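Here is the structure we will look at, set down as structure tokens.
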Amino acid sequence: MIKAIATDSIDKWLRRLGAGAVVYVPQERRGGGVVLEPMDKGKRAAHYRRLAESPKRIFLPQIDDLVRFEGSRGKPVLDRTERILFGLRPCDAAAVTILDEFFRRDYPDPNYAARRDHLRLIVAACAESDENCFCVSAATGPVAVDGYDVQLVGLGDVHLAMTGTEEGEGMIARGGELFTDPPADAEERMVEFRRKSEASQEVHLDLQRARKIINDHAEPADFWDHVAQRCLMCGGCAYACPTCTCFNITDRPDSQAQGMRQRLWDTCVLAGFTREASGHNPRQHQPQRCAHRYLHKLGGSGTLNRPFRCVGCGRCAESCITRLGIICVLKELLEQTEAGR
Amino acid sequence: MGGVLTTCPYCGCGCNFVLQVLEGRVVGTSPVQGHPVSRGSMCVKGWNAHEFVHAPDRLAGPLMRRNGSLVPAAWDEAMASAADGLRQTVARHGPDSVVFFSSAKCTNEENYLMMKLARTAFGTNNVDHCARLCHSSSVVGLAETFGSGAMTNSIDELAQARCIFVIGSNTTEQHPQVASRIMASVHGGGALIVADPRSIRLTQFAKIHMRHRPGTDVALINSMMHVIMAEGLEDRDFIAARTENVDALKRGVAAYGPQRGQAITGVPAEVIVQAARMFAQAETAAIVYAMGITQHITGVDNVRSLANLSMLTGNIGKPSTGVNPLRGQNNVQGSCDMGALPDVYTGYQKVKDPAAREKFARAWGVSRLPDSPGLTVVEAMHAAAEGRIKAMYIMGENPMMSDPELRLAEKALQSLDLLIVQDIFLTETARLAHIVLAGASFAEKDGTFTNTERRVQRVRKAIEPIGDTRADWQILCDMAHRCGYAGMNYSSPEDIFNELAALTPTYRGMSYPRLEPWGLLWPCPAADHPGTPYLHKDTFARGKGHFSPVEFRSPDEMPDEQYDLILTTGRIYFHWHTGSMTRRTSPLNRESPVAFVEISPEDASARGVRSGANVRVSTRRGTIELVARVTKDVAPGVVFIPFHFYEAAANLLTNPALDPEAKIPEYKVCAARLEACP
């Protein structure tokens with residue numbers, strides 16, 4: 001279903017949606033950047049490019065309570081707050097599908113599922129790329145192909161609204177008279193929107209070739225050594241990544257017999273992540289861990305529904321303390337490798 | 001979820017990040033793009049800086065010792081008891097029978113209050129803090145040569161330096177943001193020289209690695225200067241225009257030809273020559289150093305030598321140069337600036353100076369202030385052990401882990417009539433206290449920290465103090481009031497800041513509104529002054545730069561037949577100081593959960609020790625047992641132990657010998673023995 005909403009009616013629609021849910025909207029953050037915050041916390045930012053941080057921390061917090069335990073009994077902590085994220089970008093919506101696959105496929109994770117079942121996503125297609133965006137190369141943007149309940153495409157005074165799910169249709173229905181049929185020239189304006197947005201993207205990476213190099217182990221022999229040398233193990237690439245799912249579990253007792261079992265974000269760049277109880281570590285050396293990260297993001301067989309576990313948001317390029325990140329690493333990899341040229 | 005922008009509580013880089021708050025708890029951190037140091041990134045400690053705040057064993061409220069054990073007490077009772085005890089001690093034994101340890105973890109405002117409390121309510125200059133143990137030598141050495149004891153240049157300038165000389169700093173592990181600039185300099189074609197007894201990550205990027213013997217820094221630098229002068233590579237214009245006493249330097253280094261340099265340091269003569277040329281010939285050359293320089297009985301001499309080298313080559317007073325001591329703690333620069341030191345008020349105004357005393361006495365509303373400098377950290381411990389100090393008030397410091405020769409510290413603290421410890425955890429030191437006051441963490445209070453590049457920046461309260469804890473500035477104000485001093489009533493940390501800025505020439509132009517968004521670098525003398533990224537531009541703070549030639553002196557305790565190895569101590573990336581925060585942070589403690597000693601393959605095999613084996617390390621002062629890590633990163637004859645681990649505290653072993661001027665202990669060198677555990 002494709003509908004249209006006047007740009008200056010969007011806040012009215014969000015207020016209606018906010019009657020039964022916490023609505024997160026893009027807001028200017030002190031310290032720079034635009035992030036999603038609850039609507040009642042501040043003013044909605046109208047203009048922004050990529051969100052400064054991945055919205056995953058809203059439904060997958062850095063420290064998350066899983067189970068409250070007393071003696072041998074445990075009670076799961078399930079958060080069923082209705083949440084609507086408004087204005088996340090196509091890359092982040094694609095990332096949610098990757099998180100879903102990890103947390104819901106083989107061993108459905110009850111804590112994740114509780115939040116996710118009550119989470120609706122309204123994507124705002126990107127009119128303009130940020131400095132490190134490469135969603136076109138990653139085939140996730142600038143207009144989302146999936147992962148949304150509703151996607152808005154801003155055409156000036158009007159936004160097109162596309163629904164991706166039944167819940168999305170319900171959300172449009174709640175907008176009632178605010179939604180009308182799309183303008184007659186909607187299709188041409190969409191094409192133009194996409195063309196201009198894609199043209200604004202400066203980073204282009206041949207991810208297919210990178211993936212082949214990695215899968216074929218065709219990197220130069222010391223390639224990962226050179227990467228690892230510059231990696232100070234800050235973990236920023238993983239912590240900032242919208243698709244990273246690594247976690248650790250820790251128990252925080254508040255007395256001898258009771259406490260909380262918690263999940264914490266973790267990262268495969270740290271040696272302790274794979275260190276076994278015996279002390280043996282299959283990825284003892286840092287180059288192995290760096291290589292693993294890229295294998296996981298680009299190589300292997302991909303996920304069920306998309307070729308890469310990298311969505312092209314470029315946040316790892318900004319959060320890397322030595323400015324390494326996936327863009328720099330893949331450029332070096334592609335330049336230094338003959339394979340697949 | 002809401003976010004509060006604040007400053008990291010770990011190292012002196014002073015990254016800013018957003019603390020994520022959910023239902024009154026901090027549940028995450030995320031980087032901010034605009035900050036000039038952190039630029040959207042953090043190290044692994046920063047990414048995990050929220051976890052210890054809610055550690056299950058955070059102190060929930062004050063404790064008092066009853067029948068030998070510490071038990072919960074009401075604030076009013078604990079404070080009344082602490083204040084009475086301090087007052088009675090002073091009444092009975094005089095003002096100088098009490099010692100105050102301030103804290104490089106606490107805010108500028110709190111450090112200012114601690115030293116004001118000591119000097120007004122109790123009339124003593126016995127106030128010091130752990131800067132004594134890290135950069136007191138820098139303060140003395142750089143004040144003498146340049147007139148100001150701080151990092152001369154700002155962090156970001158390093159990226160443009162054409163040559164960087166890193167000596168005694170494991171920068172990638174301890175100051176990752178500085179390391180990223182050093183790596184950027186190398187990436188841009190800059191030459192990196194590393195002098196370090198250990199192989200560190202930066203040596204992989206270095207054109208030259210000088211692996212000198214621990215404690216031979218003066219000889220190494222003198223030798224480099226000898227080469228520079230012998231080959232006429234010094235900056236004569238700069239020396240003539242900006243400095244004095246160069247002839248004395250020339251005489252002083254005459255005896256340190258590269259061959260003698262090699263004999264003392266173990267660095268091949270030709271490598272010393274090469275390094276000297278590389279440094280002197282670079283268009284801009286910066287010196288970066290840390291504890292490897294300062295923690296010696298020759299700490300001040302080491303710093304003087306580096307100051308000499310920078311002036312000799314004209315690498316001071318311009319961008320991307322300078323002498324850059326990297327401060328280890330979030331606010332160790334600030335706690336020094338605030339005068340939490342026994343000989344100075346804020347901005348290094350000397351207590352010996354009658355005009356300064358007069359100025360502060362008037363501002364604080366007291367008739368007189370004590371005029372003789374007080375005791376330093378290690379001296380105070382000795383005095384306590386000898387019974388001359390009767391009471392101590394320790395805020396946010398853990399001398400039972402951080403002092404040299406811990407047996408002595410323990411004896412000293414146990415001999416006190418009254419020990420008050422204010423902290424967020426029941427640290428090794430707090431366990432010995434009579435009264436424990438429960439302070440607030442960085443996430444629970446407002447204030448300012450000053451980072452290593454002199455950037456004064458805001459700390460912002462994200463959550464209320466947890467449980468029945470209180471912000472340290474409020475505890476100090478209450479204490480002053482109860483001790484009969486009426487001059488410490490403040491409505492907020494901003495109120496305190498305004499008072500201290502008015503009394504401190506280098507901070508005078510600062511105010512909380514002006515510190516938005518990213519702070520100001522001191523000196524900032526006026527409300528319209530933009531701050532100072534690099535010091536000594538046209539003139540040194542003291543006028544002319546003063547060359548101070550120094551002679552090499554051997555470390556206090558060298559290996560012999562009985563103790564045949566050199567023990568050197570330091571820190572590692574995943575932990576921080578005495579471990580009270582990082583060892584309560586699960587990802588960090590998981591990465592490095594056990595105490596270890598690094599030993600060379602040669603020394604290990606000679607002792608029948610394999611990597612992972614339990615070994616026993618002894619010095620004349622004590623013995624610890626820990627795990628051996630066999631690695632080529634240390635040279636034969638040297639072992640390295642990080643000091644983060646209470647279960648094998650490195651400082652049970654270290655030598656309390658002090659630099660005669662700065663009173664810093666020689667943590668970096670002592671004689672030790674290592675054997676396999678039976």
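Letters A, B, ... are given to chains in the order of the sequence lines, protein chains preceding strands, and every chain is numbered from 1. No experiment lies behind these values; they were computed from the predicted model shown.
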Which bit of B/Arg58 is near chain A, if near means a heavy-atom gap under 4.5 Å: side chain, backbone, both or neither?
neither

So, the part of B/Pro517 with a heavy atom under 4.5 Å from chain A: the answer is neither

Measure A/Gln229 against the heavy atoms of chain B and call it side chain, backbone, both or neither at under 4.5 Å.
both

Contact class of A/Thr322 relative to chain B, heavy atoms under 4.5 angstrom:
both

Engaged part of B/His50 at the chain A interface, taking heavy atoms whose separation is under 4.5 Å
side chain

Using modelled atom types only, decide if a donor and an acceptor are shared between the side chain of A/Arg252 and the backbone of B/His54 within a distance under 3.5 Å.
yes

Spatial distance of atom CG (A/Leu264) from atom OG1 (B/Thr585) [nearest 0.5 Å]
9.5 Å

Taking atom CD of B/Glu516 as the centre, report whether more than 12 heavy atoms of other residues, nucleotides or ligands fall under 6.0 Å from it.
yes

Taking all heavy atoms of A/Glu37 and all of B/Gly3, pick out the closest pair and write down the distance.
OE2-N, 4.0 Å

Exceeds 12 heavy-atom contacts within 6.0 angstrom, atom CD of B/Glu23
no

Relative to chain A, which segment of B/Tyr573 carries a heavy atom at a distance below 4.5 Å: side chain, backbone, both, or neither?
side chain

Which pair of heavy atoms, one from B/Pro176 and one from A/Ile321, lies closest together, and at what distance?
CB-CD1, 3.6 Å

Given 3.5 Å as the limit, does a donor-acceptor pair link the side chain of A/Gln62 with the main chain of B/Thr29, or not?
yes

Top of A/Ala271, A/Gly259, A/Gly272 for chain B proximity - count of heavy-atom pairs under 4.5 angstrom
A/Gly272

Region of A/Leu270 that comes under 4.5 Å of a non-hydrogen atom in chain B
both

Could you check whether any side-chain N or O of A/Tyr239 sits under 3.5 Å from a backbone N or O of B/Asn48, counting only pairs where one atom can act as donor and the other as acceptor?
no

Please classify the contact of A/Asp65 with chain B as side chain, backbone, both or neither, using a heavy-atom distance under 4.5 Å.
side chain

For the interface with chain A, which of B/Arg590, B/Gln204, B/Met183 has the highest count of heavy-atom pairs at distances below 4.5 Å?
B/Arg590

What residue, out of B/Pro31, B/Gly34, B/Ser586, has the most heavy-atom pairs lying under 4.5 Å from chain A?
B/Ser586

Closest heavy-atom pair, A/Cys231 versus B/Arg201, reported as atoms and distance to 0.1 Å, is O-NH1, 3.0 Å

Quick check for you: to the nearest 0.5 Å, what is the distance between B/Glu591 atom CD and A/Phe273 atom CZ?
10.5 Å

Where do B/Met42 and A/Ser319 land on the side-chain contact (heavy atoms from CB on, under 4.5 Å) test, with the steps shown first?
CA-CA 7 Å; B/Met42 303 189 277; A/Ser319 62; over 6 Å; no

Need one label for A/Ala238: side chain, backbone, both or neither, based on atoms under 4.5 Å from any heavy atom in chain B.
neither

Could you please spell out the steps behind the side-chain hydrogen bond (donor to acceptor under 3.5 Å, both in side chains) verdict for B/Gln20 and A/Glu53?
CA-CA 12 Å; B/Gln20 306 285 344; A/Glu53 61 186 46; 3.2 Å; yes

Quick one: what part of A/Arg230 sits under 4.5 Å from any heavy atom of chain B, side chain, backbone, both or neither?
both

Check the pair B/Glu51, A/Ile63 against side-chain contact (heavy atoms from CB on, under 4.5 Å), reporting the backbone distance first and the verdict last.
CA-CA 8 Å; B/Glu51 193 185 345; A/Ile63 292 188; 3.8 Å; yes

As an exercise: rank B/His35, B/Gln33, B/Arg39 by heavy-atom pairs under 4.5 Å with chain A and give me the winner.
B/Arg39

For A/Glu202, I'd like to know if atom CD has over 12 heavy atoms of other residues, nucleotides or ligands within 6.0 Å.
no

Which region of B/Ser30, side chain (C-beta onward) or backbone (N, CA, C, O), has a non-hydrogen atom less than 4.5 Å from a non-hydrogen atom of chain A, or is it both or neither?
both

Over 12 foreign heavy atoms within 6.0 Å of CZ, B/Arg610:
no

side-chain contact (heavy atoms from CB on, under 4.5 Å) between A/Leu232 and B/Cys43, worked out:
CA-CA 8 Å; A/Leu232 301 188; B/Cys43 79; over 6 Å; no

Is the shortest heavy-atom distance from the side chain of A/Arg29 to the side chain of B/Val32 under 4.5 Å?
yes

Please classify the contact between A/Gln262 and chain B as side chain, backbone, both or neither, with a heavy-atom cut-off of under 4.5 Å.
side chain

Answer key: most heavy-atom pairs under 4.5 Å with chain B among A/Arg315, A/Arg275, A/Gln27 is A/Arg275

Pair count under 4.5 Å, heavy atoms only, with chain A: among B/Lys45, B/Gln177, B/Arg181, highest is B/Gln177

Does A/His47, at its NE2 atom, have more than 12 non-hydrogen atoms belonging to other residues, nucleotides or ligands within less than 6.0 Å?
no

Chain B heavy atoms under 4.5 Å from A/Arg30: which part of the residue, side chain, backbone, both or neither?
both

